[in-house]
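So the structure is just underneath, and the comments pick up after that.
Remember, it's a predicted structure, so these values are computed and weren't measured experimentally.
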Amino acid sequence: PKIKMMPTEKNKPKYINDINWDRIMSIEINQTKLDFYKRAFTLYRDTGMRRSEAILGRLEGHFLIVDAKHSKTGIEKEIPLDSNQIGIVNELHNEKDTFLNNGNSIDTFKNNFTKVFKKICNKLEIDASLHSLRHTFAVRRYLQTKDLYRVCKELGHTSILTTEIYARFSFARLEQDFPTLSKVPKIRVLDTQKGATHNSQSKVSPLWN
């Protein structure tokens with residue numbers, strides 16, 4: 001028999017607003033290397049990279065190179081980093097090497113980030129997961145640039161249709177949830193790959209522009 005598929009509305013992605021982010025960064029729980037995890041969470045939030053990309057990527061200067069075999073899209077990615085983010089990636093890779101040298105698996109290492117973040121969110125009663133940090137990057141960049149195609153490129157999406165889910169949030173809503181971004185003055189920045197200028201915010205890292 002023929003079965004007619006009825007379209008269903010997709011849920012909006014869950015992101016973490018400024019208030020809840022401050023709560024996450026301020027929490028103190030019984031967790032080994034909590035400060036290290038917080039730095040890693042900040043890296044994910046500020047770069048939009050996926051969990052495995054930070055762990056399996058390799059540093060080349062100011063870029064994290066994610067080989068095609070480690071990329072969800074099967075395409076090599078270049079993720080620009082500032083000096084602080086490079087330091088966090090190096091720390092993460094050192095922790096990974098130590099963990100593996102002690103006879104543990106890479107999957108366990110990756111899952112620890114998910115578990116610790118969920119532990120914090122449960123403690124604070126925040127409905128979010130580690131992947132919410134990628135969503136947070138996306139909506140923040142959408143608010144900063146007002147350019148969905150730019151966000152699509154930075155996330156590494158192969159289709160703008162995937163990125164359009166973030167356009168379901170109004171700028172007024174995002175300005176409310178991220179007041180630190182909505183109050184800084186706009187500047188003109190250069191997209192070096194397109195040779196075109198875009199409106200952005202002065203708080204944006206120059207490596208992204």
Side-chain angles (χ1 to χ4, degrees), residues 8-57 64 66 70-74 77 79 81 85 88-89 91-93 95-96 99 104-144 148 151-170 173-174 176-181 208:
T8 58
E9 183 178 2
K10 291 184 179 180
N11 294 328
K12 289 183 178 180
K14 297 176 181 178
Y15 61 80
I16 299 171
N17 61 29
D18 279 351
I19 292 176
N20 283 334
W21 178 250
D22 289 341
R23 295 173 65 208
I24 290 172
M25 290 293 102
S26 300
I27 194 172
E28 295 296 334
I29 58 175
N30 183 18
Q31 175 63 54
T32 305
K33 298 183 178 180
L34 179 60
D35 289 341
F36 160 68
Y37 281 109
K38 287 181 179 180
R39 289 191 290 274
F41 298 152
T42 301
L43 176 73
Y44 285 117
R45 172 185 182 258
D46 292 347
T47 62
M49 64 179 71
R50 294 183 174 88
R51 184 186 65 173
S52 293
E53 292 173 343
I55 296 170
L56 301 178
L64 181 73
V66 182
H70 298 313
S71 173
K72 183 177 180 180
T73 59
K77 291 180 64 176
I79 303 174
L81 305 173
Q85 291 164 349
I88 298 174
V89 171
E91 183 181 9
L92 192 156
H93 287 179
E95 290 288 339
K96 175 192 67 177
F99 193 81
N104 301 297
S105 71
I106 187 66
D107 287 338
T108 301
F109 182 76
K110 291 189 289 187
N111 288 336
N112 283 341
F113 292 89
T114 303
K115 291 178 179 178
V116 173
F117 191 78
K118 196 60 181 178
K119 180 179 180 180
I120 292 174
C121 289
N122 288 341
K123 182 73 174 180
L124 297 174
E125 297 183 345
I126 298 174
D127 183 17
S129 65
L130 185 68
H131 197 70
S132 297
L133 298 176
R134 180 170 165 84
H135 293 320
T136 304
F137 168 83
V139 295
R140 281 165 54 87
R141 288 297 288 160
Y142 183 46
L143 175 60
Q144 289 172 309
L148 201 61
V151 177
C152 174
K153 182 178 179 180
E154 292 177 358
L155 287 173
H157 289 164
T158 55
S159 171
I160 188 65
L161 297 177
T162 306
T163 320
E164 284 180 350
I165 192 170
Y166 300 110
R168 296 173 64 185
F169 297 103
S170 68
R173 164 78 179 278
L174 296 179
Q176 171 186 281
D177 287 344
F178 301 101
T180 55
L181 295 183
W208 276 113

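Here the closest heavy-atom approach between residue G57 and residue L64 is recorded as C-CD1, 3.6 Å.
Among residues two or more places apart in sequence or in another chain, the side chain to side chain donor-acceptor pair (under 3.5 Å) test is passed with R23 by N20. Not counting sequence neighbours, S26 has no partner by the side-chain contact (heavy atoms from CB on, under 4.5 Å) test. The side chain to side chain donor-acceptor pair (under 3.5 Å) check on N104 picks up nothing, with sequence neighbours excluded. Partners of T158 by side chain to side chain donor-acceptor pair (under 3.5 Å), not counting sequence neighbours: none found. E95 is linked by a salt bridge (charged side-chain N to carboxylate O under 4.0 Å, His left out) to K33, counting only residues two or more places apart in sequence or in another chain. Residues that satisfy the side-chain contact (heavy atoms from CB on, under 4.5 Å) test with L34, not counting sequence neighbours, are E28, I29, Q31, K38, I120. For the ring pair (Phe, Tyr, Trp, His ring centres under 6.0 Å) test, residues two or more places apart in sequence or in another chain that qualify with F109 are F99, F113. Annotation: side chain to side chain donor-acceptor pair (under 3.5 Å) contacts of N111 (sequence neighbours excluded): R51. Remark: E164 engages no residue in a salt bridge (charged side-chain N to carboxylate O under 4.0 Å, His left out) (not counting sequence neighbours). Contacts of S105 classified as side-chain contact (heavy atoms from CB on, under 4.5 Å), with partners at least two apart in sequence or in another chain: D107, T108. The ring pair (Phe, Tyr, Trp, His ring centres under 6.0 Å) check on Y44 picks up nothing, with sequence neighbours excluded.
When the shell of 6.0 Å around CD1 of I106 is examined, it contains more than 12 heavy atoms from other residues, nucleotides or ligands.
Within the structure, side chain to side chain donor-acceptor pair (under 3.5 Å) pairs that include any residue of residues 127-139 comprise K14-D127, H135-Y166 (at least two apart or interchain).
Panel note: side chain K12, backbone F169; no donor-acceptor pair is recorded below 3.5 Å.
Using a cut-off of 4.0 Å between Lys/Arg side-chain N and Asp/Glu carboxylate O, D35 and R39 are scored as not salt-bridged.
Taking OH from Y15 and OH from Y142, the interatomic distance works out to 12.5 Å, rounded to the nearest 0.5 Å.
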